[in-house]
2 protein chains.
Amino acid sequence: MDVASSEIFETGTPVACRSCQARHGVVCGALSNAQLKELNRHSMRRKIGAGSEIIAQGSESSFYSNIMRGVVKLCKMMPDGRQQIVGLQFAPDFVGRPFVRESTLSAEAATDAEICVFPRNLLDRMIGETPELQRRLHDQALNELDAAREWMLTLGRRTAEEKVASLLHLIGTHAEPQTAISTAFDLPLSRTEIADFLGLTIETVSRQMTRLRKRGVILIENSRHIVVPDLDELERISA
Amino acid sequence: MDVASSEIFETGTPVACRSCQARHGVVCGALSNAQLKELNRHSMRRKIGAGSEIIAQGSESSFYSNIMRGVVKLCKMMPDGRQQIVGLQFAPDFVGRPFVRESTLSAEAATDAEICVFPRNLLDRMIGETPELQRRLHDQALNELDAAREWMLTLGRRTAEEKVASLLHLIGTHAEPQTAISTAFDLPLSRTEIADFLGLTIETVSRQMTRLRKRGVILIENSRHIVVPDLDELERISA
DNA sequence: GCCGGTCTTTGATCTGAATCAAATTATGCG
DNA sequence: CGCATAATTTGATTCAGATCAAAGACCGGC
C-alpha cells in the first residue's frame, strides 16, 4: 500500500473506504476504521465491460461486490434457454447472497461498470461481528424483496404496454431529472434484455416503444437514448 | 398470567415461547429468557378464519406476526382491481416488514390459521438489541427474495401448463410426503387465488388441472384435495 | 332432503402477444 | 469510407390464453 492511500486511514472518522473512494456502499459505511483497513487489504476495485459475468448461476462464489458505477442485471436461465431478468441493481448496491454459497442466479454487468470486490469469508466474518452491517444488508434485502414483488405484479397482471411503460418509468426514476417532470436517459438494456425483464418478445417491446413514441409519451433519440417529457404520464400508463 | 404458564420461565434454557407453545418461530428461538418473558407479556395468540386480513395494503401496521398454523397469502391489488399474489407463507414464518411501517401489500389468511401477534415497537427494539434475531429475519428475507425471484421466472417465462405444475409442485413440497415420491394435500387456495398467483384466469387454471388429471399426473379427489402419484413428474412438467 | 348461492368445469369465440419473415438502421473494423 | 454483422423495426400470420356463456358440482341453512 502506498503512502498516499495509507494516509487516508490516519484521519478521523468517518473514514473513506479506499476501494470505494468515499462513495460509501452499503458495506463500507457500516465498518469501523480498523475493519475498513483490513477489508481494503483484501479488496479490489475492478472495471468490467458490459456483459461481464460477476456471478454465474449454479456456481459457488467466493466473492461479494459493491457496485460503484454502472448497472448490473440479475438473470435466471431455464435449461431450455428461456431467460428472465429478475432484478436490476445500481450503485451503491451490494451484490451477493449472504449465508448461501451457491447462486441460483447470475449477475452480469448490463453496462460498463466498476465494482468493489470483497472476499466472502472475510465479509461473512464482519457481518457476524457488526450488527450495523447486518442491519444494512437486511435493509437492502427487504428493499429488493419489495421491488421483486412489485415486479411480480408487472409480470403477472400488466399488459405489454403497461409493462414497457413500467420499465421506462423505473429507469427514468433512477436517472437524474432534467426538470421537475422531464427526464432523459440511456437505456442500460438492449431490446432483448428488456424483453427478458418484462416477459415479452423483442418484437412486442419494439412495437410498444414505437406506439409510445407516436403518442408523444417518449422521444427515441436513438434506440438507446430516451427522452421522457413527462414522467408522470408514463406512471399513469403503467397503471 | 397464571401460575402454570409463568412456571415455564423458571426452567432452564432453552425456554419455550408460551404464545408459540414450544413450536419456536423465527422470533422466539432467537431471544433470551428475559426477552421472551417480556415479549410474552405483550403478545397474543390468535385463531383467524380463512380470508381474515392480517395486514392491509397501504395501511400502517403496528404489529408483526408469526404463523403458527395455516397458510398466509401476500397480495398486491391494482387500483382497477387486478390482483397478484406475490407470496405464500407457511408456519413458522414471520409476517411483517421490518424498518418500514406502511405496507405495500396485504397479508391474508388463505386457510384457517393461528398466528402469534407481537407489538411492532417492542419487537423493533429487540431486533436492534439482538443480533441473532436480526440474523434470522435477514435470513428469512433472503429466502423470500429467492422464492420471489424464482416465481418471477414462472410468471414471465412459463406456459400455463408449466405454471400450474409449478404451483402444485410448490404446495406438494410443503405437504408431508406419503411415500418417497407420492404426496397428497389440500390446496390452500381457491381457483381464483391460484389464478391470481399464476397470472392466469380461473378458466385456464381449471383447464390445465383437468389436462394434468387426464394425463394421470394428478388425481383431483375434490376440487381442493389433490393426490400426486409422482412429484418428480410435476417438477419435470414445470420445466 | 331441498333450495339458493357460490365455486368449478366445460364449451365457443375472440384477441393480444408470439412467431415467422423481411426490411431498415446502427456499429465496428480493415 | 465501405462492407459485414448485429440490433432494431415493421409486416403478416398464428396461437395460447382471455373472454363470454352456460352447465354442473358443492355447501350451508332451513
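Quick caveat, the model's predicted, so the values are computed rather than measured. Within every chain, numbering begins at 1; the chains are lettered A, B, ... in the order of the sequence lines, protein sequences first and strands thereafter. Computation of the quantities below employed the complete heavy-atom set of this structure, encompassing side-chain atoms and omitting hydrogens, waters and symmetry-equivalent molecules.
Taking atom CD1 on A:Ile202 and atom C1' on D:dA6, their separation rounds to 11 Å, with Å as the unit. The separation between B:Met209 atom CE and C:dT8 atom P is 9 Å, rounded to whole Å. Nucleotide D:dA18 holds its C1' atom 18 Å from the CZ atom of B:Arg191, rounded to whole Å. Summarising the geometry, the separation between CD1 on A:Ile220 and C1' on C:dA26 is reported as 14 Å, rounded to the nearest angstrom. Atom pair B:Ile194:CD1 and C:dT8:P shows a separation of 8 Å (rounding to whole Å applied). Computed from coordinates, the B:Arg82 CZ to D:dT19 P distance equals 10 Å when rounded to whole Å. Straight-line distance from the CG atom of A:Leu155 to the P atom of C:dA17: 13 Å, rounded to whole Å. A straight line from CZ of A:Arg158 to P of C:dA17 spans 14 Å, rounded to a whole angstrom.
OP1 or OP2 of C:dA17 has not a single side-chain nitrogen or oxygen of A:Thr201 nearer than 4.0 Å. In terms of phosphate contacts, B:Ser206 brings a side-chain nitrogen or oxygen within less than 4.0 Å of OP1 or OP2 of C:dT9. At least one side-chain nitrogen or oxygen of A:Thr210 sits closer than 4.0 Å to the OP1 or OP2 atom of D:dT10.
Electrostatic pairing of B:Arg158 and B:Glu150 counts as a salt bridge here, judged by a charged N lying under 4.0 Å from a carboxylate O. Between B:Asp146 and A:Arg97 a salt bridge is recorded (basic side-chain N to carboxylate O distance below 4.0 Å). A salt bridge does not link A:Arg157 to A:Glu162: none of the charged side-chain nitrogens sits closer than 4.0 Å to a carboxylate oxygen.
The residue among B:Arg224 and A:Glu221 whose nearest nucleotide of DNA chain C is located toward the 5' end is B:Arg224. The 5' end of DNA chain C is approached more closely, in terms of each residue's nearest nucleotide, by A:Ala160 than by the other of A:Ala160 and A:Asn222. Checking A:Val205 against A:Arg157, the closest nucleotide of DNA chain D that is more toward the 5' end is the one next to A:Val205.
With A:Tyr64 as reference, A:Leu123 is the one residue of A:Leu123, A:Ile115, A:Leu137, A:Val95 to meet the side-chain contact (heavy atoms from CB on, under 4.5 Å) rule. The side-chain contact (heavy atoms from CB on, under 4.5 Å) test with B:Met209 singles out one residue from B:Thr204, B:Leu168, B:Val217, and that residue is B:Leu168.
In the interface, the side chain of A:Arg207 is not paired with the base of C:dG16 through any donor and acceptor atom under 3.5 Å apart.
Across C:dC20, C:dT8, D:dT8, the shortest atom-to-atom separation from the side chain of A:Glu203 is found for C:dC20.
Nucleic acid contact class of B:Arg213 (heavy atoms, under 4.0 Å, all strands): sugar-phosphate only.
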